[in-house]
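Only this structure's heavy atoms are used, side chains among them; waters, hydrogens and symmetry mates stay out.
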Amino acid sequence: MNDPGTQELARFRIGAKILVCGGKLMLRTILILASVFAVAGSALADQISFNNGDRLSGTIVRLDGDSLEMKSEVAGDIKVPWKTIVQVSSSQPLYVTLNDDQVVVGVVSTSGDRMEIETKETGKVTVSREAIRSIRSQQEQAAYQAQIDRLRNPKLSDFWSGFADAGLSLTKGNSDTTTFNVGMKAARTTSRDKISVYFTSLYAKNNAVGRSITTADTIFGGTRYDFNVTDRLFAFGLTDLEYNKLQNLDLRLVLGGGLGLHAKKTERTLLDVFAGASYNQEFFSTDLTRRSAEILLGEELSHKVSGATTISERFVLYPNLSETGEYRFTFDSSAATKLREWLAWQVSFSDRFISNPIPGIKKNDVLLTTGIRLTFGGKKL
């Protein structure tokens, strides 16, 4: 029994048993902890139950409209119809916006057609499902509030949308003609005001008679600012510029302003009527300069004929106050059919009429152009 080899073997066996028992104990501990963490993770997740008995856990992102968006480790980012959900429980505080604009913050759970919100300040608040407008997580609420603040205090570079038009026509052979037109219109629209910028240019020449003759060379554009006084009434100010080589017009500068009314404002149709006064300055290449005060009367219409086609038109009449009986008007219209989200085919018609042109110049200039349209922006917040 006192043999050293025997004693060493006994100690080795005892150590091996201790290691085996310790390993088993550690394995059991790991399994128990894993189960505890799994149960805790499930308890900490948001859960929704469907009317067919299925359940899904994850993180509720938001409810806007008729769909609830959720992030799930199993299914990823999903949207499910709100009407198919019979039970909701959250482990995180959610921002619940009611139909009366009240926002309640807390952990939510549903019971039948009622939702209970456990708030920190006032305790449990119970509301009906029909009274809920939206539900957002803390991160989504912060992003939503940032968008609201951006709408209330936008930068000058925010919310621009519009289009750019281009058209080209060429003939060669017995006739040699070139017609090129470009146009652009952009608007920055907020809940308080609107800034509009527009520009149109048409150039055409004809070499059919052995020499180059310019048949069209005109540019007109301008800016306008609208400020909403009420939901329907707005005030505006504008600046219009025009150049027309064939009329010997180097520059027509018009400054004006007045009041307008949103006569019709729906998803498909917007009709504005407006009136005011303007000051017209005309500079001709013949060294003639004319200045006159004018009345400004106009209307502007935009109508969505279908999901792809939109028509628009604008007519403004300027009765001359300095030379009674004289007047001028501008008329612009266009129709555009969407080919892609950013691409459309457009046809535009413009008419510029003046009752008292300089001697030798016709009263009317009509422009008809067609070509592609590239759109940008257009998303409304």
Side-chain angles (χ1 to χ4, degrees), residues 154 156 159-162 183-200 218-244 247 249-266 269-284 289-303 311-334 348-357 363-367:
L156 186 60
F159 309 134
W160 285 96
S161 63
M184 180 274 294
K185 186 175 183 180
R188 171 188 176 271
T189 305
T190 72
S191 58
R192 292 182 301 183
D193 57 10
K194 178 180 178 180
I195 300 174
S196 304
V197 181
Y198 78 95
F199 166 83
T200 299
T218 183
I219 302 171
F220 51 86
T223 63
R224 175 169 155 167
Y225 177 74
D226 295 358
F227 179 79
N228 294 324
V229 181
T230 66
D231 288 341
R232 298 191 64 191
L233 183 67
F234 63 92
F236 69 91
L238 60 83
T239 300
D240 281 339
L241 303 165
E242 184 176 352
Y243 162 80
N244 193 322
Q247 288 186 356
L249 179 65
D250 288 339
L251 175 64
R252 176 179 288 121
L253 172 62
V254 180
L255 303 174
L259 293 174
L261 181 71
H262 298 302
K264 187 174 184 180
K265 193 174 184 180
T266 66
T269 304
L270 176 61
L271 173 63
D272 291 346
V273 293
F274 49 89
S278 60
Y279 181 65
N280 180 15
Q281 302 178 82
E282 298 172 326
F283 304 93
F284 296 91
T289 299
R290 299 192 305 196
R291 294 178 175 87
S292 58
E294 302 172 321
I295 297 174
L296 185 157
L297 303 169
E299 57 83 20
E300 187 170 6
L301 171 69
S302 176
H303 177 66
I311 59 173
S312 61
E313 60 89 14
R314 185 173 187 263
F315 175 79
V316 185
L317 176 66
Y318 299 88
N320 196 319
L321 295 177
S322 300
E323 298 181 35
T324 306
E326 304 295 346
Y327 67 96
R328 63 187 182 91
F329 70 76
T330 64
F331 177 76
D332 300 292
S333 65
S334 68
S348 299
F349 174 84
S350 296
D351 189 0
R352 296 293 185 270
F353 176 88
I354 182 169
S355 65
N356 56 342
K363 296 180 179 182
N364 227 36
D365 267 339
V366 175
L367 309 177

Can you name the nearest heavy-atom pair linking [X] to [Y], along with the distance?
X: Leu296; Y: Ser278; value: CD1-CB, 4.3 Å
X: Thr190; Y: Pro154; value: CG2-CG, 3.7 Å
X: Lys194; Y: Ser196; value: CE-OG, 3.5 Å
X: Gly222; Y: Asp240; value: CA-OD1, 4.0 Å
X: Val229; Y: Ala235; value: CG2-N, 4.0 Å

Counting N and O atoms only, with roles assigned by atom type, does the side chain of [X] sit under 3.5 Å from a partner on the main chain of [Y], one being a donor and the other an acceptor?
X: Ser322; Y: Ala293; result: yes
X: Arg232; Y: His262; result: yes
X: Thr218; Y: Tyr243; result: yes

I'd like to check the ring pair (Phe, Tyr, Trp, His ring centres under 6.0 Å) partners of [X]; sequence neighbours left out, ordered by chain and number.
X: Tyr225; answer: none
X: Phe220; answer: none
X: Tyr327; answer: Phe353

Charged N to carboxylate O under 4.0 angstrom, [X] versus [Y]?
X: Asp226; Y: Arg192; value: no
X: Lys185; Y: Glu300; value: yes
X: Arg328; Y: Glu294; value: yes

*Evaluate the side-chain contact (heavy atoms from CB on, under 4.5 Å) criterion for residues Phe331 and Ser333: first the C-alpha distance (whole Å), next the side-chain angles of each, then the deciding distance (0.1 Å), finally the verdict.*
CA-CA 7 Å; Phe331 177 76; Ser333 65; 3.7 Å; yes
*Kindly indicate, with the supporting measurements, whether the criterion side-chain contact (heavy atoms from CB on, under 4.5 Å) is fulfilled by Glu299 and Asp272.*
CA-CA 6 Å; Glu299 57 83 20; Asp272 291 346; over 6 Å; no
*Apply the test salt bridge (charged side-chain N to carboxylate O under 4.0 Å, His left out) to residues Asp332 and Arg352: give CA-CA distance (whole Å), side-chain angles for both, the deciding distance (0.1 Å), then the verdict.*
CA-CA 9 Å; Asp332 300 292; Arg352 296 293 185 270; 3.1 Å; yes
Distance check, rounded to the nearest 0.5 Å: [X] atom [atom1] versus [Y] atom [atom2]?
X: Glu242; Y: Leu249; atom1: CD; atom2: CG; result: 6.0 Å
X: Thr200; Y: Ile219; atom1: OG1; atom2: CD1; result: 10.5 Å
X: Leu261; Y: Leu233; atom1: CG; atom2: CG; result: 6.5 Å
X: Arg188; Y: Ser161; atom1: CZ; atom2: OG; result: 11.5 Å
X: Asp250; Y: Phe283; atom1: CG; atom2: CZ; result: 9.5 Å
X: Leu241; Y: Thr239; atom1: CG; atom2: OG1; result: 7.0 Å

Is any side-chain heavy atom of [Y] closer than 4.5 Å to one of [X]?
X: Leu301; Y: Thr269; answer: yes
X: Leu238; Y: Thr223; answer: no
X: Asp365; Y: Asn244; answer: yes
X: Asp351; Y: Phe329; answer: yes
X: Thr189; Y: Trp160; answer: no

_Single hit among Ser350, Ser312, Ser302, Ser348 for side-chain hydrogen bond (donor to acceptor under 3.5 Å, both in side chains) with Ser334_ =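 Testing Ser334 for a side-chain hydrogen bond (donor to acceptor under 3.5 Å, both in side chains) against Ser350, Ser312, Ser302, Ser348 leaves exactly one candidate, Ser312.
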*Has Asp231 got more than 12 heavy atoms of other residues, nucleotides or ligands less than 6.0 Å from its CG?*
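Counting other residues, nucleotides and ligands, CG of Asp231 stays at 12 neighbours or fewer.
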*Establish, yes or no, whether a centroid distance under 6.0 Å links the rings of Phe236 and Phe274.*
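Yes, ring centres under 6.0 Å apart.
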*Kindly determine whether Asn280 and Arg290 satisfy side-chain contact (heavy atoms from CB on, under 4.5 Å), including the steps that lead there.*
CA-CA 8 Å; Asn280 180 15; Arg290 299 192 305 196; over 6 Å; no
_Full working for side-chain contact (heavy atoms from CB on, under 4.5 Å) between Glu282 and Arg291_ = CA-CA 6 Å; Glu282 298 172 326; Arg291 294 178 175 87; over 6 Å; no
*asked:* Applying side-chain hydrogen bond (donor to acceptor under 3.5 Å, both in side chains) to Asp193 and Asn228, what does each step give before you reach the verdict?
replied: CA-CA 6 Å; Asp193 57 10; Asn228 294 324; over 6 Å; no
